[in-house]
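What follows is a set of notes on a single structure, which appears directly below.
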Amino acid sequence: MTTGPAEYVDVVAVRDDRSAPAGETTVIRLLGLLPGHWSCIPEVAPDRIRLRIGLDPATNRTAVSSAVSRVLADSALRGWSRDQA
């Protein structure tokens, strides 16, 4: 049986505050606050984090968007926000 290509959603966070920790530290916090069963592939730069999150029937785009918004509101991620572009 052949399955179709995996479906992903990309989420990008950017550092808004230069005094906030850099991406290398922040990605650890970000991943630690997201659901542990999610398949995430991070791409990290000092001021930008891109997470490629795998979708499945239980993890849809709406669930990802809601969870990422909640996580970025956490005080551990102060100085970072979601890039809506």
Side-chain angles (χ1 to χ4, degrees):
M1 183 167 116
T2 306
T3 60
E7 193 173 348
Y8 295 91
V9 63
D10 287 336
V11 176
V12 177
V14 293
R15 183 163 59 163
D16 299 321
D17 181 347
R18 302 304 288 165
S19 66
E24 294 82 354
T25 300
T26 301
V27 73
I28 295 167
R29 293 175 177 164
L30 179 59
L31 290 171
L33 292 168
L34 289 173
H37 66 279
W38 283 8
S39 172
C40 298
I41 301 169
E43 179 183 291
V44 183
D47 297 325
R48 184 177 186 275
I49 299 168
R50 180 180 71 111
L51 292 180
R52 176 161 278 191
I53 301 171
L55 300 178
D56 59 38
T59 308
N60 59 44
R61 292 179 189 277
T62 302
V64 168
S65 182
S66 296
V68 170
S69 293
R70 277 192 311 275
V71 166
L72 286 172
D74 189 280
S75 62
L77 297 170
R78 191 169 289 134
W80 284 82
S81 65
R82 190 163 177 185
D83 185 3
Q84 299 296 333

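In this chain, numbering begins with 1 at the start of the sequence shown.
- Taking D56 as the reference, T59 meet the side-chain hydrogen bond (donor to acceptor under 3.5 Å, both in side chains) condition, with sequence neighbours excluded.
- Here W38 contributes atom CH2 and L51 contributes atom CG; the two are 9.5 Å apart, rounded to the nearest 0.5 Å.
- A20 and G79 get closest at one heavy-atom pair: CB-CA, 3.8 Å.
- Under the 4.5 Å side-chain heavy-atom criterion for ILVMFWY residues, no single connected hydrophobic cluster contains both V14 and V71.
- By the salt bridge (Lys or Arg N to Asp or Glu O under 4.0 Å) test, R78 is found to be paired with no residue, residues two or more places apart in sequence or in another chain being considered.
- Residues satisfying the side chain to side chain contact (heavy atoms under 4.5 Å, CB included) test with S39, not counting sequence neighbours, are none.
- By the side chain to side chain contact (heavy atoms under 4.5 Å, CB included) test, I28 is found to be paired with no residue, residues two or more places apart in sequence or in another chain being considered.
- In terms of the salt bridge (Lys or Arg N to Asp or Glu O under 4.0 Å) criterion, residue partners of D47 (sequence neighbours excluded) are, by chain and number, R15, R18.
- With sequence neighbours excluded, the residues satisfying side-chain hydrogen bond (donor to acceptor under 3.5 Å, both in side chains) with S81 are D16.
- Not a single side-chain hydrogen bond (donor to acceptor under 3.5 Å, both in side chains) links R70 to another residue, sequence neighbours left out.
- Hydrophobic clustering, with ILVMFWY side chains joined whenever heavy atoms are under 4.5 angstrom apart, groups I49 together with L34.
- L72 and V12 fall into different hydrophobic clusters, where Ile, Leu, Val, Met, Phe, Trp and Tyr residues are linked whenever their side-chain heavy atoms come under 4.5 Å apart, directly or through other members.
- For the salt bridge (Lys or Arg N to Asp or Glu O under 4.0 Å) test, residues two or more places apart in sequence or in another chain that qualify with D10 are R50, R52.
- Legend: side chain to side chain donor-acceptor pair (under 3.5 Å) pairs involving residues 19-37, not counting sequence neighbours, sorted by first then second residue: D17-S19, T26-W80.
- Listed by chain and number, the residues in a side-chain hydrogen bond (donor to acceptor under 3.5 Å, both in side chains) with S69 amount to none (sequence neighbours excluded).
- The side chain to side chain contact (heavy atoms under 4.5 Å, CB included) test applied to R61 returns E7, V9, L55, not counting sequence neighbours.
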